[in-house]
Protein chains: 2
Amino acid sequence: MTQPGFSTRERILGAAEVLFARHGFAGASLRQVTAGARVNLAAVHYHFGSKEGLIEEVFRRRLDQLNRERLAALARVAERGNASLEDVLDAFIRPALEQSLEAHGGGAFVRVLARAYAEHDERLRRFLSENYGHVLREFASVFMRLLPHLDKERLYWRLDIIAGAVTYAMADFGIVKRRSTTSEETHRRQAVTHLIAFAAAGLRA
Amino acid sequence: MTQPGFSTRERILGAAEVLFARHGFAGASLRQVTAGARVNLAAVHYHFGSKEGLIEEVFRRRLDQLNRERLAALARVAERGNASLEDVLDAFIRPALEQSLEAHGGGAFVRVLARAYAEHDERLRRFLSENYGHVLREFASVFMRLLPHLDKERLYWRLDIIAGAVTYAMADFGIVKRRSTTSEETHRRQAVTHLIAFAAAGLRA
DNA sequence: CCGCGGATCAAACGATCGTTTGAATGGTAG
DNA sequence: CTACCATTCAAACGATCGTTTGATCCGCGG
């Protein structure tokens, strides 16, 4: 992604994603980004206007794809008719897993996303809510049908808890140390399996 | 905490905690910190040696107290003999809640802690592991006794998931918007109640 | 009374930050 | 070939960063 064969724009986005994941939005400088992407410093402002514009584009690119896949997976599950709780959770979580396993540093974005939560930035929250709020609402309505005994407030609380756990687990922030004999891919896949089982039990309680 | 009546050292720690929570470790400058604490810029280096030293002391001060209270709560639960899963979870989570409700900006530290996870900094992780790893091990062994059907690997995965959920919920990163009629204290207390119920169900699965 | 030392202060250090400028580059339409 | 326009480039802008310096303050023991 940061190598020749990709456009200047794509190389900047790729390098920014990795460096934002590693050092944070304030901690990663545009000079580090442009050095990593092997492009001129001014290219960032030419293509994205500002550092803030670059940050937003890093989000937009990945989240557009991620939420398209989530809605597609949800639709696939819903039309089968006999969807289980685990199926719906899988439709939400697995696309994030698959993206994190993509070739060109896909694993970095889940950490950028976790950073964004920690940033607690109001502008960013509004951006996320406006562009991707409908995805969450769609999942919530399906959960509501599957858990008729659960009142709305309880459901929202639990989905919130799950969202936090997913973010945390996918970003590999945990204390469970990956064994050197286990690949990063296997580790992430195990995390998803445990997450789904745990979340389903918590929702059914 | 940032007001007269507290020592220079305490005022710096208080202001730093709030600003690190709001803007991150890289995003909050020492000039902002010393301005907020109403002390001279050089006071940071006089009392803490460097910005890194200040960050470590912000952690040490709160975590020492937090984990002392966690172990005390665990001991209180254990000696009663008939401890439930919910009791043990409460011993882990409630001290964090109580600290977040303390008078002098206690709510800031849980967000600083969440930032630290996101930072993914190896030095900081080692610092946390060396100083507070024994607390986690102690809780794990109690959970192991209460959940004899659960193998060690599964237990560790689930505790990891819970730790993530707790961190995110206490830091108020969620999408559940607090109603204007609900105080921040009530909101946090509700979060803990839902967390414990959810986590207990997930562990029993 | 003096003088020592911890604490605080204003001021400046060089480095690095995001951003801007204006010129060079190179492909393409007329 | 010429003219144009999107792109890339080196260089510099002022602002702000963490850190250091040396002077100044002030309470306390001798």
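Proteins get letters first, then strands, A, B, ... in listed order; numbering begins at 1 in each.
With hydrogens and angles left out, the side chain of A/Asn40 and the base of D/dA10 share a donor-acceptor pair within 3.5 Å.
Between B/Phe59 and B/Phe25, the ring planes are tilted. Angles from 30° to 60° get that label.
Between A/Arg61 and A/Glu56, no side-chain nitrogen of the basic residue sits less than 4.0 Å from a carboxylate oxygen of the acidic one, so the salt-bridge criterion is not met. Note on A/Glu98 versus A/Arg189: salt bridge recorded, some NZ/NE/NH1/NH2 to OD/OE distance being below 4.0 Å. A/Glu185 and A/Arg188 are not joined by a salt bridge, as no carboxylate oxygen comes within less than 4.0 angstrom of a charged side-chain nitrogen.
Distance A/Leu30 CG to C/dT20 P: 12 Å, rounded to the nearest Å. With rounding to whole Å, A/His45 atom NE2 is found 13 Å from C/dC17 atom P. Taking atom CD1 of residue A/Ile12 and atom C1' of nucleotide D/dT8, one finds them 11 Å apart after rounding to whole Å. Atom CG of A/Leu41 and atom P of D/dA11 are 13 Å apart (whole Å).
Listed pair A/Ser29 / C/dT16 fails the phosphate criterion, with no side-chain N or O lying under 4.0 Å from OP1 or OP2. Residue A/Ser50 has no polar side-chain atom (N or O) positioned under 4.0 Å from OP1 or OP2 of C/dG18. Regarding contacts with the backbone of C/dT8, a side-chain N or O of B/Thr8 is found under 4.0 angstrom from either OP1 or OP2.
Of the listed nucleotides (C/dT8, D/dG18, D/dT8), D/dT8 has the atom at the smallest distance from the side chain of A/His47.
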Set out, line by line, the N/O atom pairs under 3.5 Å between protein and nucleotides 22-28 of chain C.
none

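Summary of the strand contacts: A/Ala43 and A/Arg31 both lie near DNA chain D, and taking for each the nucleotide with the nearest heavy atom, the more 5' one is attributed to A/Ala43.
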Next item on the list: Any chance you could lay out the salt bridge (Lys or Arg N to Asp or Glu O under 4.0 Å) test for A/Arg76 and A/Glu69, step after step, and finish with the verdict?
Entry: CA-CA 10 Å; A/Arg76 244 178 287 124; A/Glu69 289 169 1; over 6 Å; no
